[in-house]
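Worksheet: the structure to be examined is printed underneath.
The figures here come from the full heavy-atom set of this structure, side chains too, leaving out hydrogens, waters and symmetry mates. First listed ligand is number 1; within each ligand, the first listed atom is number 1.
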Amino acid sequence: MSDSNRLRIAIQKSGRLSDDSIALLKAIGVKLQIRDRLLIAHATNLPIDLLRVRDDDIPGLVMDGVVDLGFIGENELEEKMLERKASGKKFEFKTLRRLDYGGCRLSIAVPNEFDYKGVQSLEGKKVATTYPFLLERFFKENNVNASAVMLTGSVEVAPRAGVAHAICDLVSTGATLEANGLREEEEIFQSKAVLIQRAGELPEAKAQLINRFLPRIDGVMQAKESKYIMLHAPKTYLEQVKSLLPGSGNPTVLPLAGSDDTVAVHVVSSETLFWETMEKLKALGCSSILVMPIEKMMG
Ligand SMILES: Nc1ncnc2c1ncn2[C@@H]1O[C@H](COP(=O)(O)OP(=O)(O)OP(=O)(O)O)[C@@H](O)[C@H]1O
Ligand SMILES: O=P(O)(O)OC[C@H]1O[C@H](OP(=O)(O)OP(=O)(O)O)[C@H](O)[C@@H]1O
Ligand SMILES: [Mg+2]
């Protein structure tokens, strides 16, 4: 039996969310040794156990309180919530953070030759999907009488196989649709990965651990979007230089050894510095313009 004092976290074993979820855990200070065949991984520096499962099982594991936390796509979470609601099962959980990976949309797509003129074109049609509850909600909201045909994979081949007239599946770049001669027509749900927690009180030690992790997650996400910019600027153009620098906050201006008319300017920017702006800075007489990634941020 596992130790109930250890925080239990469910992540997708192998798929679109696995690498990013593991990378996030590592970035917030969880040391992990993942061995491919082992379905449970123990953190080596903290009381944490990782359960590596299919993503379909993660919402249920959290909602049933089998694990304390789960990393899951909102699409899968919403689908499982609707499924549980329909069968009278409990579906409580808390969303702790919306994350910066796993971005995709659930869309209805039709074969290129389908003469689509809006949702009413789906009247009486069959639509293949892995997300029947989300799809049926969309049909209901749009007063369309269509049916969802459940397929667990390879949904894109359904129209060619004669199984359905259209499909409803996840899209990110659109390359899979294009490769299968399909055209995206209706976006029905936008999704990102989220970190969810089971409902109810957690033991004090687990709650404290989670409370320490959340600012770290924020720091990691913020750092990915931010840049540290350093440059040398002529004192006379300092105001113009400052106004060219993107993002918030006042830059730090430091004297440069051996130079009376040039200063060093440092700024943390919430955006990157574009080549065009760097060219303008250079034209003002700036030099040594550096744009650097930031690994972590706090406060
Ligand atoms: N093309 C994509 N781009 C970005 N995120 C995606 C993409 N496709 C799926 N996702 C997100 O990643 C999640 C997992 O996708 P994946 O294709 O790995 O699932 P799966 O085939 O159901 O895996 P499993 O074997 O765990 O059931 C999806 O539910 C969605 O939230
Ligand atoms: O718009 P695109 O960028 O082409 O991405 C969309 C594809 O990505 C997902 O599948 P995935 O590649 O994860 O494989 P799977 O079918 O095995 O889940 C999804 O089910 C689509 O098939
Ligand atoms: Mg799945």
> Which protein non-hydrogen atom lies closest to atom 30 (C) of ligand 1, naming both residue and atom, and how far is it?
Replying inline: Asn75 OD1, 3.5 Å

> What atoms of ligand 2 come within less than 4.0 Å of a heavy atom belonging to Ala175?
Replying inline: 1 (O), 4 (O)

>> Out of all atoms in ligand 1, which are within 4.0 Å of some heavy atom of Gly102? Include the element for each.
In response: 5 (N)

>> Show me which atoms of ligand 2 lie under 4.0 Å from any heavy atom of Val171.
In response: 1 (O)

> What protein heavy atom sits nearest atom 3 (N) of ligand 1, and how far away is it?
Replying inline: Ser172 CB, 3.2 Å

> So which heavy atom in the protein is nearest atom 12 (O) of ligand 2, and how far is it from that ligand atom?
Replying inline: Arg16 NH2, 2.8 Å

> Atoms of ligand 2 less than 4.0 Å from Glu156 heavy atoms?
Replying inline: 21 (C), 22 (O)

>> Using side-chain heavy atoms (C-beta onward) and a distance below 4.5 Å, is Arg52 in contact with Asp36?
In response: yes

> Closest N/O/S atom of Asp55 to the Mg ion (ligand 3), by atom name?
Replying inline: OD1

> Roughly how far, to the nearest 0.5 Å, is the CD1 atom of Ile9 from the CD1 atom of Ile210?
Replying inline: 8.0 Å

>> Looking only at protein heavy atoms, which one is nearest to atom 9 (C) of ligand 1, and what is the separation?
In response: Leu170 CD1, 3.5 Å

> Which is the closest N/O/S atom of Asp56 when seen from the Mg ion (ligand 3)?
Replying inline: OD1

> For ligand 2, which part of Leu177 has a heavy atom less than 4.0 Å away: the side chain, the backbone, both, or neither?
Replying inline: neither

>> Which of the numbered atoms in ligand 2 are under 4.0 angstrom from any heavy atom belonging to Thr173?
In response: 1 (O), 2 (P), 3 (O), 4 (O)

> If you count the atoms of ligand 1 from 1 in the order shown, which ones are under 4.0 Å from a heavy atom of Gly15?
Replying inline: 18 (O)

>> On a heavy-atom basis, I'd like to know which of Gly153, Gly174, Cys104, Ser14 is closest to atom 11 (C) of ligand 1.
In response: Cys104

> Is it true that Gly153 lies under 4.0 Å from ligand 2, counting heavy atoms only?
Replying inline: no

>> Given Leu177, which partner from the list Val171, Asn112, Asp169 fulfils the side-chain contact (heavy atoms from CB on, under 4.5 Å) test?
In response: Val171

> Glu156 and Thr176: side-chain donor and acceptor closer than 3.5 Å?
Replying inline: no

> What closest approach, in Å, do Ala166 and Val110 show between heavy atoms, and which atom pair accounts for it?
Replying inline: CB-CG1, 3.9 Å

>> With salt bridge (charged side-chain N to carboxylate O under 4.0 Å, His left out) as the criterion, how do Asp261 and Lys235 come out once you've worked through the C-alpha distance, each side chain's angles and the decisive distance to 0.1 Å?
In response: CA-CA 5 Å; Asp261 47 10; Lys235 260 187 191 165; over 6 Å; no

> Could you go step by step and tell me if Ile72 and Lys80 meet the side-chain contact (heavy atoms from CB on, under 4.5 Å) rule?
Replying inline: CA-CA 11 Å; Ile72 184 68; Lys80 287 294 182 300; over 6 Å; no

>> If we only consider heavy atoms of Glu178, is any one of them less than 4.0 Å away from an atom in ligand 2?
In response: no

> Below 2.8 Å, any N, O or S contact between Glu76 and the Mg ion (ligand 3)?
Replying inline: no

>> Which residue and atom name correspond to the protein heavy atom nearest atom 20 (O) of ligand 2, and how close is it?
In response: Asp169 OD2, 3.5 Å

> In Å and rounded to the nearest 0.5 Å, what is the NE2 to CG distance from His232 to Leu290?
Replying inline: 8.0 Å

> Counting heavy atoms only, which of Leu106, Asp55, Thr173, Leu77 comes nearest to atom 22 (O) of ligand 1?
Replying inline: Asp55

> Just which atoms of ligand 1 are under 4.0 Å from any heavy atom in Gly73?
Replying inline: 31 (O)

> Any idea which of Arg16, Glu79, Arg54, Arg105 brings a heavy atom closest to atom 1 (N) of ligand 1?
Replying inline: Arg16

> Could you state the interatomic distance from CZ (Phe93) to CG (Asp64), rounded to the nearest 0.5 Å?
Replying inline: 13.0 Å

> When rounded to the nearest 0.5 angstrom, what is the spacing between NZ in Lys227 and OG in Ser269?
Replying inline: 9.0 Å

> Can a protein heavy atom be found under 4.0 Å away from atom 14 (O) of ligand 2?
Replying inline: no

> Can an N or O of Leu170 be found at a distance shorter than 3.5 Å from an N or O of ligand 2?
Replying inline: no

>> Please report the interatomic distance CD(Glu113) to CZ(Arg183), rounded to the nearest 0.5 Å.
In response: 8.5 Å

>> Are any of the N/O atoms on Gln12, whether in the backbone or the side chain, positioned under 3.5 angstrom from an N/O atom of ligand 1?
In response: yes

> Between Arg105 and Ser172, which heavy-atom pair has the shortest distance, and what is it?
Replying inline: NH1-O, 3.3 Å

> Do NZ/NE/NH1/NH2 and the carboxylate oxygens of Asp218 and Arg97 come within less than 4.0 Å?
Replying inline: yes

> Would you find a donor on one side and an acceptor on the other, under 3.5 Å apart, between the side chain of Glu79 and the backbone of Leu134?
Replying inline: yes

>> Protein heavy atoms near atom 17 (O) of ligand 2, is at least one of them under 4.0 angstrom away?
In response: no

> Nearest to atom 4 (C) of ligand 1, what protein heavy atom do you find, and at what distance?
Replying inline: Gly103 O, 3.2 Å

>> Taking 4.0 angstrom as the limit and counting only heavy atoms of Thr176, give me the atoms of ligand 2 inside it, by number and element.
In response: 2 (P), 4 (O), 5 (O), 6 (C), 7 (C), 22 (O)

> After noting the C-alpha distance and the side-chain angles of Lys140 and Glu136, does the key distance pass the salt bridge (charged side-chain N to carboxylate O under 4.0 Å, His left out) rule?
Replying inline: CA-CA 6 Å; Lys140 206 175 271 171; Glu136 269 156 14; over 6 Å; no

